[in-house]
Amino acid sequence: MPRNRLLDKRLEAHVRDFWPDTCTIQSPTIVRDSLGANVRTYADAYTNVPCRITRFDRQSFKVDVAEQAIGLSDWVVFFEKNQTFDLEDHIVTSNLNLEPIDINDDQSLRIGKRVMCKELRTG
């Protein structure tokens with residue numbers, strides 16, 4: 001096997017370890033209900049997105065992040081740097097439905113972006 005192919009395989013394995021979770025990114029769409037009123041719903045925009053989802057740990061978090069985001073965040077989701085994502089999107093897993101509060105691109109890892117989220121509870 002050529003050396004560069006071997007390196008690609010090793011890098012691929014390392015990246016899989018860095019993004020151990022997967023999620024679905026849902027984007028908002030506006031539809032009309034039966035009475036003609038506009039209603040915001042969410043539809044799958046990206047599925048099986050590699051990510052890392054962790055509980056928010058206020059003690060180990062930098063103080064220079066917006067205070068409002070720190071107070072509201074329950075979870076932090078890390079995506080690959082080139083993953084398309086907007087503050088109006090939702091992040092969905094098999095047991096979590098998350099709403100982003102802040103996308104922290106400039107202070108995130110060089111290979112990823114950090115999204116601070118709160119959990120959406122249904123019921």
Side-chain angles (χ1 to χ4, degrees):
M1 180 181 296
R3 180 170 159 64
N4 62 347
R5 187 80 174 123
L6 181 61
L7 289 175
D8 287 348
K9 290 291 183 192
R10 288 181 184 162
L11 183 59
E12 206 175 281
H14 180 69
V15 168
R16 270 196 306 269
D17 290 343
F18 197 75
W19 313 110
D21 306 310
T22 59
C23 68
T24 297
I25 297 175
Q26 295 182 332
S27 295
T29 57
I30 304 296
V31 296
R32 293 197 183 265
D33 66 10
S34 58
L35 300 174
N38 288 339
V39 178
R40 176 182 273 199
T41 62
Y42 287 84
D44 293 355
Y46 302 95
T47 58
N48 295 317
V49 177
C51 62
R52 176 178 293 271
I53 302 172
T54 60
R55 274 241 179 243
F56 183 69
D57 179 10
R58 285 167 180 75
Q59 282 73 35
S60 66
F61 212 77
K62 284 185 163 183
V63 248
D64 53 359
V65 176
E67 196 60 41
Q68 178 184 9
I70 289 176
L72 297 174
S73 296
D74 298 318
W75 298 89
V76 179
V77 180
F78 295 93
F79 290 115
E80 293 178 7
K81 193 72 164 180
N82 63 352
Q83 176 61 52
T84 302
F85 191 81
D86 190 75
L87 271 177
E88 293 193 2
D89 294 340
H90 283 176
I91 300 166
V92 179
T93 69
S94 59
N95 58 350
L96 288 172
N97 191 354
L98 303 173
E99 178 180 17
I101 297 169
D102 186 43
I103 300 174
N104 200 309
D105 265 341
D106 55 342
Q107 296 174 4
S108 295
L109 302 171
R110 290 180 189 214
I111 61 168
K113 66 176 71 174
R114 178 174 51 205
V115 181
M116 299 172 67
C117 303
K118 68 178 180 179
E119 187 171 354
L120 295 172
R121 292 183 170 78
T122 56

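Quick caveat, the model's predicted, so the values are computed rather than measured.
You'll find the side chain of Q26 stays beyond 4.5 Å of the side chain of D89, heavy atoms only. In this structure the side chain of V77 reaches within 4.5 angstrom of the side chain of L98, judged on heavy atoms. Two residues are said to be in side-chain contact when any heavy atoms from C-beta on lie closer than 4.5 Å; K113 and F78 fail this criterion.
For Y42, the ring pair (Phe, Tyr, Trp, His ring centres under 6.0 Å) partners are H90, not counting sequence neighbours.
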How far apart are the C-alpha atoms of N38 and R32, what are their side-chain angles, what is the distance that settles it, and do they pass the side chain to side chain contact (heavy atoms under 4.5 Å, CB included) test? CA-CA 5 Å; N38 288 339; R32 293 197 183 265; 3.5 Å; yes

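Interatomic distance, L96 CG to D74 CG, rounded to the nearest 0.5 Å: 9.5 Å. Here M116 contributes atom CE and E99 contributes atom CD; the two are 13.5 Å apart, rounded to the nearest 0.5 Å. Here W75 contributes atom CH2 and I101 contributes atom CD1; the two are 13.5 Å apart, rounded to the nearest 0.5 Å. The line from CD1 of I103 to CZ of F85 is 5.5 Å long, rounded to the nearest 0.5 Å.
Hydrophobic clustering (side-chain heavy atoms under 4.5 Å, transitive across Ile, Leu, Val, Met, Phe, Trp, Tyr) groups L87 together with V115.
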Using residues 45-53 as the side-chain source, report each donor-acceptor pair under 3.5 Å to any protein atom, sequence neighbours left out, with the distance given to one decimal.
from, atom 1, to, atom 2, distance (Å)
R52, NE, F18, O, 3.0
R52, NH2, D17, O, 3.0
R52, NH2, F18, O, 3.0

